[in-house]
2 protein chains.
Amino acid sequence: MAPSDITTRARIRDAAIEQIARKGYGVSMRVIADAAGVSLGLINHHFGSKDGLRAACDDHVLETIMNVKSETMRGGAVAAMAALGKMEEYVNPTAYCLRAIAAGGDVAQRIVDHFVADAKAWVGEAVADGTLRPSVDEEARIRLMTLQGFGAMQLFLSQRVGSADAELGPAGLNALLDDYLNEYGLVMLEMYTFGLFASSDMFDAFRAAGPNPRATTTEEH
Amino acid sequence: MAPSDITTRARIRDAAIEQIARKGYGVSMRVIADAAGVSLGLINHHFGSKDGLRAACDDHVLETIMNVKSETMRGGAVAAMAALGKMEEYVNPTAYCLRAIAAGGDVAQRIVDHFVADAKAWVGEAVADGTLRPSVDEEARIRLMTLQGFGAMQLFLSQRVGSADAELGPAGLNALLDDYLNEYGLVMLEMYTFGLFASSDMFDAFRAAGPNPRATTTEEH
DNA sequence: TAGTGAACTGAACAAGCGTTCAATCACGGA
DNA sequence: TCCGTGATTGAACGCTTGTTCAGTTCACTA
């Protein structure tokens, strides 16, 4: 796509998304202006303020991610991010999402919620056809696994990349996702297949003593 | 302990640890100086620079955490943080650790490494006495569970607390840990007890196709 | 008692940040 | 052709940041 095929406003927004994906939300507007090839004042002319620019970036990335075919999402947060990070058109949105999740707040919440909502559908199917075991609290299980999936990846990233503001380019992101799956893919599957405890004593005790779960099924294990 | 029982240097360091625990590493030196009741210049007199102060805080918190009895650590990252956060003397170091983990880099690495090293011992025992199942790669399994434990808690925190720099006091930390266990404790145990997949097809396929794990045992499931 | 050095302060500094704004440029309609 | 409106620039502003430093206080020692 030639540079002139796209609005200046969109070009600024895309440059901002790429810079934030690479360096985090702390990146200065002057760096973004340079990357977009425009002056500092023009950004404020189009977006009003840094917050305005950030909001526009957030919205655009979220819209992009939400339009990804649900098929790609199957397998949960980790598999989805790994798949998206490999596609050139999605590498910036993917890295941007990781930055947004690290920063916390509203966007992180919305990203997690989107993945949870998406997972509910296919997990429901998988439970119905017997591929996955049912849960005492399906919503909580899905949400926990999403938090664990994103969270572990996040930590792996922030340790590998140095500080939280260190630069992370497309190549770095791909290497990172590869390494993550190579190192932990097998034990992740092992964990999800056999669990950790040899007996259900702990679970039974906690279930008997703890507060009532908002049970979605009464199925027995 | 009366204020005069402790050196000024230590008082500054402790104030810095508390402020960083509450507000994150981004907190300004002027805020720390106010909290410690000293002038801005004195901090630089004692610590040379902001980095120097941060290093001193990092070291002190790490030393504190590492001296916690291994008994408290049993149960992994989540259980340990929940237990430590409840003890008044450890509430600041605990919150500080969460901030450090969020910030990434060297300290995060050292904290995770410490928990992993500690877990190796008691997981080894638990596997030996039949409480926990053995793994195809014990080191990776422990590390993954530590990353997942910290990571999920981190995400839960950053979503609940708003932005990553939002204030988090001792009361907030405790409420947060309680809520986390209430919401996810049961499904966490369920997950660790029964796993997720109904069959071992996925695991077997991945194990057959994937690269050789750095297997520590050749036990069969 | 005089002197020495560490603890400590307050003011100033340079650099970076987001924001503002007057001035220019380009271009389509009257 | 002229005019007006939106795009665009560059310089400046105010604020906050970490850092520096000359000067003051004060306890201890020779």
Side-chain angles (χ1 to χ4, degrees), chain A residues 2-59 99-100 103 105-107 162-167, chain B residues 2-60 99-100 103 105-107 163-167:
Chain A
S4 54
D5 286 356
I6 186 174
T7 312
T8 300
R9 191 189 142 94
R11 217 173 69 238
I12 295 174
R13 186 203 54 206
D14 289 348
I17 290 175
E18 178 173 349
Q19 291 303 310
I20 292 173
R22 282 177 175 275
K23 300 164 190 164
Y25 277 116
V27 70
S28 80
M29 295 186 72
R30 283 171 175 83
V31 169
I32 295 173
D34 278 356
V38 300
S39 72
L40 181 56
L42 189 58
I43 298 185
N44 283 304
H45 172 69
H46 280 298
F47 297 95
S49 69
K50 190 182 189 182
D51 277 348
L53 173 61
R54 173 176 167 159
C57 292
D58 286 344
D59 289 344
R99 296 294 188 178
D106 181 52
V107 208
S163 98
D165 304 326
E167 178 136 2
Chain B
S4 53
D5 286 356
I6 187 173
T7 61
T8 302
R9 192 189 141 94
R11 218 174 67 239
I12 294 174
R13 185 204 54 206
D14 290 348
I17 289 174
E18 178 174 349
Q19 291 302 312
I20 292 173
R22 282 177 174 274
K23 300 164 191 165
Y25 278 114
V27 69
S28 80
M29 294 185 72
R30 283 169 176 84
V31 169
I32 295 174
D34 278 356
V38 300
S39 72
L40 180 55
L42 189 57
I43 298 184
N44 283 306
H45 172 70
H46 280 297
F47 297 95
S49 68
K50 191 182 189 182
D51 277 348
L53 174 61
R54 173 172 168 161
C57 292
D58 285 344
D59 288 345
H60 188 254
R99 295 294 188 180
D106 181 52
V107 208
S163 99
D165 303 327
E167 178 137 2

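Here is the naming used below: chain letters follow the sequence lines, and residue numbers restart at 1 for every chain. This is a predicted model, so every value here is computed, not measured. Both backbone and side-chain heavy atoms feed into the values below; hydrogens, waters and symmetry mates do not.
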Are side-chain heavy atoms of [X] and [Y] found at a separation under 4.5 Å?
X       : Y       : value
A:His46 : A:Val38 : no
A:Val27 : A:Arg22 : no
B:Phe47 : B:Arg54 : no

[X] [atom1] to [N] [atom2]: how many Å, rounded?
X       : N      : atom1 : atom2 : value
A:Arg9  : D:dT8  : CZ    : P     : 12 Å
A:His45 : D:dA11 : NE2   : P     : 20 Å
B:Tyr25 : D:dT17 : OH    : P     : 18 Å
B:Ile12 : C:dA6  : CD1   : C1'   : 14 Å
A:Ile43 : D:dT9  : CD1   : C1'   : 13 Å
A:Ile32 : C:dG16 : CD1   : P     : 17 Å
A:Leu42 : C:dC25 : CG    : P     : 16 Å

| task | For the pair A:Thr7 (side chain) and A:Ala10 (backbone), establish whether a donor and an acceptor sit closer than 3.5 Å, ignoring hydrogens and angles. | result | no

Can you tell me how far the [atom1] atom of [X] sits from the [atom2] atom of [Y], to the nearest 0.5 Å?
X       : Y       : atom1 : atom2 : result
B:Asp34 : B:Ser39 : CG    : OG    : 10.5 Å
B:Ser28 : B:Ile32 : OG    : CD1   : 7.0 Å
A:Ile17 : A:Asp58 : CD1   : CG    : 8.5 Å

| Residue-level proximity of residues 13-20 of chain A to DNA chain C when a heavy atom falls under 4.0 Å | none

| message | Check the phosphate of D:dA7 against A:Thr8, side-chain N and O only, distance under 4.0 Å to OP1 or OP2. Yes or no? | response | no

| task | List in chain and number order the residues that pass side-chain hydrogen bond (donor to acceptor under 3.5 Å, both in side chains) with B:His60, two or more places apart in sequence or in another chain; answer none if no residue qualifies. | result | B:Arg13

| message | Ignoring hydrogens, what is the shortest heavy-atom contact between B:Glu167 and B:Lys23? Give both atom names and the distance. | response | OE1-CE, 3.4 Å

| Sugar-phosphate or base contact per nucleotide [nucleotides 17-22 of chain C; S, B, -; heavy atom under 4.0 Å] | BBBB--

